[in-house]
Amino acid sequence: MNTLANHGYLPHDGRNLTRPVVVNALNSALHFNTSLGSLMFDMAIVANPEEGADYFTLDHLNRHNVLEHDASLSRADAYFGSNHIFNSTIFAQTQHFWTDPTLTAAMLANSKIARQVTSKAFNPNYTFTASTENFSLGEVAAPIIVFGDMQEGTVERDWVEYFFLNERLPIELGWQRKSQEVTLTDIISVTEMIAAAANLITDSGSSSGSASASKHKRRADLHAGWGF
């Protein structure tokens, strides 16, 4: 949203962001269809603490543990100070996991996991709920959705870095708005890519008919019975 305000798609002062304003901005800048833009507004309006409000502001989006959360890819946790200003040290940690000029869902997922582990290890107030996880997956998927190839799950690293460093769309690097409208189905598809890539469990490679596999299955069933 800050980026859209920087480009003038949203009011520069970041105030009075109503549904029509947000829907139009998301369509004009990113080619999100109307229903997706409306859903995005519904997700953001919760940041306004005023009951029954029909708008939000960019300042509202900075409220900690509403939409803004710990383990950001580019900002410090609220416990350590400002939670909404770009932090070059934090972003350098993120970039460490972006190991190729073309980023994959796996690289983006790795940087997300690393930030969570670091935050959990050093922030005594670390908070990351199931709701936060869902929102975080969408955030990490966003570079692919906006700048990349949603079918392949890839995106050019320099475009993503430009976006984080400048809070602007990488137009001067050659990026253009997608020719086809982006839908909720697209969002879900890419988010599921990130979620799968963030899974740290690998296939053991054991044959299902082996004694070891059978033993493992019995253990798994026992654990399931206790809710583990």
Next on the checklist: Suppose we screen for ring-ring contact (aromatic ring centres under 6.0 Å, His included). Which residues come up paired with Tyr9, at least two apart in sequence or across chains?
Outcome noted: none
Item to check | ring-ring contact (aromatic ring centres under 6.0 Å, His included) partners of Phe97, counting only residues at least two apart | outcome: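 Applying ring-ring contact (aromatic ring centres under 6.0 Å, His included) to Phe97 gives none.
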Checklist entry - Do Arg19 and Asp42 sit within salt-bridge range, that is, some charged N less than 4.0 Å from a carboxylate O? => result yes
Which residues end up grouped with [X] if you chain together Ile, Leu, Val, Met, Phe, Trp and Tyr wherever their side-chain heavy atoms are less than 4.5 Å apart?
| X | value |
| --- | --- |
| Val23 | none |
| Phe128 | Tyr126 |
| Phe122 | Tyr79, Phe80 |

Find the distance between [atom1] ([X]) and [atom2] ([Y]) and round it off to the nearest 0.5 Å.
| X | Y | atom1 | atom2 | result |
| --- | --- | --- | --- | --- |
| Glu167 | Asn2 | CD | CG | 4.5 Å |
| Ser38 | Met43 | OG | CE | 12.0 Å |
| Asp186 | Gln151 | CG | CD | 7.5 Å |
| Asp54 | Asn48 | CG | CG | 9.0 Å |

Got [X] and [Y] here, is their nearest side-chain heavy-atom distance under 4.5 Å?
| X | Y | answer |
| --- | --- | --- |
| Thr154 | Leu103 | no |
| Ile113 | Leu200 | yes |
| His31 | Gln180 | no |
| Pro49 | His60 | yes |
| Ser189 | Met150 | no |
| Leu36 | Thr183 | no |
| Pro170 | Glu161 | no |
| His84 | Glu68 | no |

Checklist entry - Would a line drawn from the ring center of Trp175 to the ring center of Phe147 be shorter than 6.0 Å? => result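 Yes, they do, as the ring centres are separated by less than 6.0 Å.
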Checklist entry - Do the two ring centres, one from Phe91 and one from Trp98, sit under 6.0 Å apart? => result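 Yes, the ring of Phe91 comes within the 6.0 Å limit of the ring of Trp98, centre to centre.
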Checklist entry - Just wondering, more than 12 heavy atoms not from Arg177 lying within 6.0 Å of its CZ? => result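 It does: Arg177 CZ has more than 12 such atoms within range.
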Could you see if [X] belongs to whatever hydrophobic cluster contains [Y]? Use Ile, Leu, Val, Met, Phe, Trp, Tyr and a side-chain cutoff under 4.5 Å.
| X | Y | value |
| --- | --- | --- |
| Leu73 | Val117 | no |
| Val160 | Ile90 | no |
| Met193 | Leu137 | no |
| Val66 | Leu17 | yes |
| Val155 | Ile187 | yes |

Next on the checklist: Tell me which pairs pass salt bridge (charged side-chain N to carboxylate O under 4.0 Å, His left out) where either residue lies in residues 122-143, with sequence neighbours left out.
Outcome noted: Lys112-Glu133
Strictly distance-based, threshold 3.5 Å: is any side-chain N or O of [X] a donor or acceptor partner for the main-chain N or O of [Y]?
| X | Y | result |
| --- | --- | --- |
| Arg157 | Thr102 | no |
| His96 | Gln93 | no |
| Lys178 | Gly148 | yes |
| Asn83 | Asn62 | yes |
| Asn27 | Asn33 | no |

Checklist outcome for this item: Heavy atoms of Asn87 and Ala76 approach each other most closely as ND2-CB, 4.0 Å
Checklist entry - Which atom pair, heavy atoms only, marks the closest approach of Glu172 to Tyr162? => result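 Heavy-atom minimum between the residues: OE1-OH, 3.2 Å.
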Next on the checklist: Under the side chain to side chain contact (heavy atoms under 4.5 Å, CB included) test against Met40, which residue among Ile45, Leu184, Leu26 passes?
Outcome noted: Leu26
Checklist entry - Do Thr132 and Thr129 have side-chain N/O donor and acceptor atoms under 3.5 Å apart? => result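 There is such a pair (donor and acceptor under 3.5 Å, judged by atom type) between the side chains of Thr132 and Thr129.
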